[in-house]
Amino acid sequence: MNLSTFGLCLLVCGLDVAQAFSTNVRVVVNPATHQHQACKRVTNQPGRRHNLLSTPPSPTQSSHRYAKSKNDDEEEITNPDDDNDEEGEDWRAFRAKLVMSESPSSSSSSSSSSPQSITAGIDNSDNNIIADDSDLDGIGSLFSDDSLSTTESGFTPLDPSQWAYDSGKVIETGAVILGGVEQDFGFGLRQQYFHKAVILVLDHDANTFTKGIILNRPSDRMMDDDVNEGLKWRVWYGGDVQGLDSLLPDIVCLHSLRGKEARECSVTVMKDIQWTSFENAKKLVKKGFASGPEDFWLFAGYAGWGPSQLSGELDRKSWYMCATDSRTLLKELARQSKGIDPRDAGLPTWELLMSMIGRGDTADECSGSFDDLMLKEWSQANLVKFDYREAGLAKNPSFGGVDISAGTIDKVMEAAARASLSSDDDVKAGSILRGSAADRSPFLLKKQELHHSLVLVVLEDDKVTLGCMLNHPATKGYEVGDSKKGTSSIIPVRYGGDYAIKGQSPLMWIHCNQQLRDSGLGEPFGDQSKGIYKCSQEEATEAISYNIAKPEDFLIMSGVCVWPKIGSNLANEVKRGVFEVVEQSKVEEVFRTLQKQEMLTEENLTENLAVTNEAWQKAASSKSSPDEKEPDETLTLGIGEGFDEDDDTVVFNSDKKVSQLANDALKKWVATFLLGSPTLA
């Protein structure tokens, strides 16, 4: 078997073959750890249509943790992987050489090469390390130009020591997972932090669990050090499982320290990249084996996949697998550590690696996309630090939890003053609520269906509030006939929410017609005798058949939204400006406007949303700001020239109005979940 053929076999067979062969050519391989943390399984399956009634899987608990001290002795630095050998040669560089030899430009020379000539290109000593006393974290020593060169076809190195290639579906510790952009249903509406993520696999077992941390989500949040007085550690968002806001955050500290003490308490991920616990990292600093927090990258949270889950998502192009060297990753981590604005969301790191693995055109095609803008808004809401206590403000969800500039504080206080005039009694059965008019919608990043919504409260008791969204006609309808005229009409069935009311008909018929009220058709919600009435399907169809009512007099609702009284109940959301109560005098006009909507199709999607907005505008309180209007739709081109980084009405480093992005997100939600056509919007 020649070297070229063997290289192909090596790639197909994967890690185990690579490790076995590397022993024969005297390349020391870091043994993979065999401890596995049975952490929460995160179900993330883009490409499937969203199940609105699904329940997230139950988390499993870990019997032990990586990189945690075995006792409470503050002076002992423990090794999370007792069987971890000292750092040796990077077998990935050797495998990259074989991959490179399979390219057309190098195939002729590969056939005549021998194992000895290949291994000669791999440094087996530290002779090429550049000594620098000021380089306390050891990063500078990794970038010698004398390292293995990979300039052949198929690689796009930043310098001769760097390489990366598309590794197909090979999942292993040290691999990099890149967020995919070719699936129909991306991460724009849900889990935006996974969009264009760069995830380093810390542990992989195909039969149990895969764990990784996101490398390109730096924040400006800091964590105190209880061992080294006065020190603070910058926090990076590592993933959505056991993150910084959880009761038991999972924290790992990446580093490239070469000292024996650091290696002994760390787990090797790949050559020159290791991780240890936060406790161990603090002790290394305390004992002088590390200079300070700047020698580490602290990640809170992780991303996890159950057995075969990641493989299935690779099949749907939700991710790309990338193999790269430690130099590339460390350089990107170092670059992101130097004053990078978290609102930039780490997109340049993803674009770099996509270019290096030959997917640069794909990356260029989706630059400035809807998902990019949503990721930036997620980053602003979650990665940017803002001390609300110093500003004297509560965290207002109307602004997505982000920094409130001085120019908007007056508006916040105005809204708070108006909300304080309302009481819990305003939210009662029969009331209609109008979604927030804030520029940065509280429903931008989640529950987009409630953006510009009109919600009818159908039940209010001491445990729960139930409401139905009136403004979302679905793709189904109910046909009613006129026996005398021999004609029929279709009344759209509207999506009211995720839940059904036990023991009641799945469809609720409602009307807001004084003549029908006077005729005794139906009954009011609560004590709203002049508001919206509900009736049974039999009552409605009978009234239509006798020409007492017309089909267009009715709205048919399916499903309800639920607001438990524990926590952020609906009355509190009204007080905080997330919703406002529609004046009773406006209810009938709003209802008549919604009656113009038709059963949802691809052709009338935009028109139906325009009617939603018209009804939402008519529901505005007479106390609302007089300058409330739709955003300028000309600013919808994404990233462009002349943007103002300090303008919080636009997405960071773009000319896209945040208010228009919220409208786009609503359209995307309707197209995806009601129409089943995510690419339509």
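Only this structure's heavy atoms are used, side chains among them; waters, hydrogens and symmetry mates stay out. None of the values given here were measured: they were computed from a predicted structure.
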Spatial distance of atom [atom1] ([X]) from atom [atom2] ([Y]) [nearest 0.5 Å]:
{"X": "C253", "Y": "L298", "atom1": "SG", "atom2": "CG", "answer": "4.0 Å"}
{"X": "L254", "Y": "L200", "atom1": "CG", "atom2": "CG", "answer": "6.5 Å"}
{"X": "D240", "Y": "D245", "atom1": "CG", "atom2": "CG", "answer": "12.0 Å"}
{"X": "D203", "Y": "D205", "atom1": "CG", "atom2": "CG", "answer": "7.5 Å"}
{"X": "N653", "Y": "L373", "atom1": "CG", "atom2": "CG", "answer": "11.0 Å"}
{"X": "K657", "Y": "N663", "atom1": "NZ", "atom2": "CG", "answer": "13.0 Å"}

Side-chain heavy-atom pair [X], [Y] within 4.5 angstrom cut-off:
{"X": "P348", "Y": "L352", "value": "no"}
{"X": "V241", "Y": "D250", "value": "no"}
{"X": "I199", "Y": "V176", "value": "no"}
{"X": "F185", "Y": "F673", "value": "yes"}
{"X": "R221", "Y": "K232", "value": "no"}
{"X": "K446", "Y": "W378", "value": "no"}
{"X": "V651", "Y": "M374", "value": "no"}
{"X": "I177", "Y": "Y320", "value": "no"}

Counting distance only, does the side-chain N/O of [X] pair as donor-acceptor with the main-chain N or O of [Y] below 3.5 Å?
{"X": "Q660", "Y": "V650", "answer": "no"}
{"X": "W275", "Y": "L202", "answer": "no"}
{"X": "S219", "Y": "V235", "answer": "yes"}
{"X": "Q448", "Y": "L189", "answer": "yes"}
{"X": "D225", "Y": "L231", "answer": "no"}
{"X": "S677", "Y": "L680", "answer": "no"}
{"X": "T328", "Y": "T324", "answer": "no"}

Inspect the contact between [Y] and [X] and indicate whether a charged nitrogen and a carboxylate oxygen are less than 4.0 angstrom apart.
{"X": "K196", "Y": "D371", "value": "no"}
{"X": "D325", "Y": "K331", "value": "no"}
{"X": "D272", "Y": "R258", "value": "yes"}

Discussion item. Taking the ring centre of each residue, are W233 and F278 less than 6.0 Å apart?
Written reply: yes
Worksheet item: Strictly under 6.0 Å, is that where the ring centroids of Y237 and Y302 end up?
Response: no
Discussion item. Go through it in stages, so that I can follow the logic: the residues are V670 and K667, the test is side-chain contact (heavy atoms from CB on, under 4.5 Å), and I'd like the CA-CA distance, side-chain angles, deciding distance and then a yes or no.
Written reply: CA-CA 5 Å; V670 173; K667 184 175 183 180; 5.9 Å; no
Excluding sequence neighbours, so at least two apart, what forms side-chain contact (heavy atoms from CB on, under 4.5 Å) with [X]?
{"X": "S308", "answer": "none"}
{"X": "K169", "answer": "L314, D315"}
{"X": "D166", "answer": "I357, R359"}

Check the side chains of [Y] and [X] for a donor-acceptor pair under 3.5 angstrom, ignoring hydrogens and angles.
{"X": "H451", "Y": "S441", "answer": "yes"}
{"X": "H255", "Y": "S266", "answer": "yes"}
{"X": "T649", "Y": "R440", "answer": "no"}
{"X": "D364", "Y": "S367", "answer": "no"}
{"X": "S318", "Y": "Q183", "answer": "no"}
{"X": "T268", "Y": "Q274", "answer": "no"}
{"X": "K376", "Y": "Q192", "answer": "no"}

Over all heavy atoms of both residues, which pair between [X] and [Y] is shortest? Give the atoms and the distance, please.
{"X": "G304", "Y": "F209", "answer": "CA-CZ, 3.7 Å"}
{"X": "S167", "Y": "A323", "answer": "OG-N, 3.8 Å"}
{"X": "V170", "Y": "A175", "answer": "O-CB, 4.4 Å"}
{"X": "L353", "Y": "C322", "answer": "CD2-SG, 4.4 Å"}
{"X": "R234", "Y": "S337", "answer": "NH1-O, 3.4 Å"}
{"X": "V269", "Y": "T173", "answer": "O-CG2, 4.0 Å"}

Worksheet entry | Stepwise side-chain contact (heavy atoms from CB on, under 4.5 Å) test for R217 and I214 | CA-CA 7 Å; R217 301 286 182 261; I214 303 175; 3.4 Å; yes
Worksheet item: Going through the checks in order, is the side-chain contact (heavy atoms from CB on, under 4.5 Å) test met by F187 and L375?
Response: CA-CA 8 Å; F187 294 111; L375 171 62; over 6 Å; no
Discussion item. Apply side-chain contact (heavy atoms from CB on, under 4.5 Å) to residues L444 and L661 and explain how you reach the verdict.
Written reply: CA-CA 8 Å; L444 174 60; L661 180 62; 4.1 Å; yes
Practice prompt. Look at the aromatic rings of W319 and F194 and report parallel, tilted or perpendicular, splitting at 30° and 60°.
Written response: perpendicular
